[in-house]
Amino acid sequence: MHSVRSQYAVAAVAVVGPARLLTMRYERMLLDVDRAVISFQAGRRVDGTQHLAHAQEIVAELMVSMQEGAWDGGPQLMSIYRHLLTALIEAGVTGDVDRTIACRGLILPLAEAWHEAVDQAAPAAGVAAVTPTRESVMSARLLGVG
């Protein structure tokens, strides 16, 4: 059974909408990579690998949920996701700090671009009552809030 905090987190994720959820995923990936760097530098390879595994889950979710043919940049973004996923796996397997930092270098410009796009979009008009969905529960878990 979910705690009150978990239920709140799932509801909060459901309210933010798909665009803001996307930026939250990128923020969480950056946090995971930063934590991995710190862990690897401290000699805690298992912890670093776990953080990168979580970032890999987020990239995989982005890949699965993306409609590659829906826009002109879709194939290029999917190519970046594939490369990023491979790089995250390699960094986790080797425990390489430099590779992990390079992954951050791939994520950051994407995160900034999506943040800018979301900030420029018109805000949603009001929020109705929220019923947590399977997607919001899964997203809350991936974001580490549920």
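Residue indices begin at 1 and follow the sequence shown. The model shown is predicted, which means the values in this text are computed figures rather than measured ones.
With sequence neighbours excluded, the residues satisfying side-chain hydrogen bond (donor to acceptor under 3.5 Å, both in side chains) with R104 are D34. Among residues two or more places apart in sequence or in another chain, the side-chain hydrogen bond (donor to acceptor under 3.5 Å, both in side chains) test is passed with S39 by R44. When the side-chain hydrogen bond (donor to acceptor under 3.5 Å, both in side chains) test is applied to H83, no partner is found at least two apart in sequence or on another chain. Checked against side-chain contact (heavy atoms from CB on, under 4.5 Å), Q41 has the following partners two or more places apart in sequence or in another chain: V37, V97. The side-chain contact (heavy atoms from CB on, under 4.5 Å) test applied to I89 returns Q56, L85, V93, not counting sequence neighbours. Legend: residues meeting side-chain contact (heavy atoms from CB on, under 4.5 Å) with Q50, ordered by chain and number and at least two apart, are V46, D47. A search for side-chain contact (heavy atoms from CB on, under 4.5 Å) contacts involving T23 returns R20, W114, H115, V118, not counting sequence neighbours. Applying the salt bridge (charged side-chain N to carboxylate O under 4.0 Å, His left out) test to E90 and every residue at least two apart in sequence or in another chain returns R99. Under the rule for a side-chain hydrogen bond (donor to acceptor under 3.5 Å, both in side chains), D96 has no partner lying at least two apart in sequence or in another chain.
Note that the CE atom of M29 and the CG atom of L108 stand 11.0 Å from one another [nearest 0.5 Å]. Between the CD atom of Q76 and the CE atom of M78 there is a distance of 11.5 Å, given to the nearest 0.5 Å. Separation of atoms CG (L52) and CZ (R35) is listed at 12.5 Å; rounding is to 0.5 Å. We find the CG-OH distance between L110 and Y81 to be 6.5 Å, quoted to the nearest 0.5 Å. Put simply, CD1 on I107 and CG on L84 are 5.0 Å apart, with the number rounded to the nearest 0.5 Å.
Y26 places none of its side-chain heavy atoms less than 4.5 Å from the side chain of I58. V33 is listed as a side-chain neighbour of T100, based on a closest heavy-atom distance under 4.5 Å.
The same ILVMFWY cluster, assembled from side-chain heavy atoms under 4.5 Å apart, contains both L88 and L30. Note on L77 and L22: same hydrophobic cluster, where clusters join Ile, Leu, Val, Met, Phe, Trp and Tyr whose side-chain heavy atoms are under 4.5 Å apart, directly or indirectly.
Across every non-hydrogen atom of A36 and G48, the tightest pair is CB-O, 3.5 Å.
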Donor-acceptor pairs are to be reported for all side-chain atoms of residues 62-72 against protein atoms at under 3.5 Å, with residues two or more places apart or in another chain.
unit_1 : atom_1 : unit_2 : atom_2 : d
S65    : OG     : E61    : O      : 2.9
S65    : OG     : L62    : O      : 3.4

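Side-chain contact annotation: H54 with D32, donor-acceptor N/O pair under 3.5 Å present.
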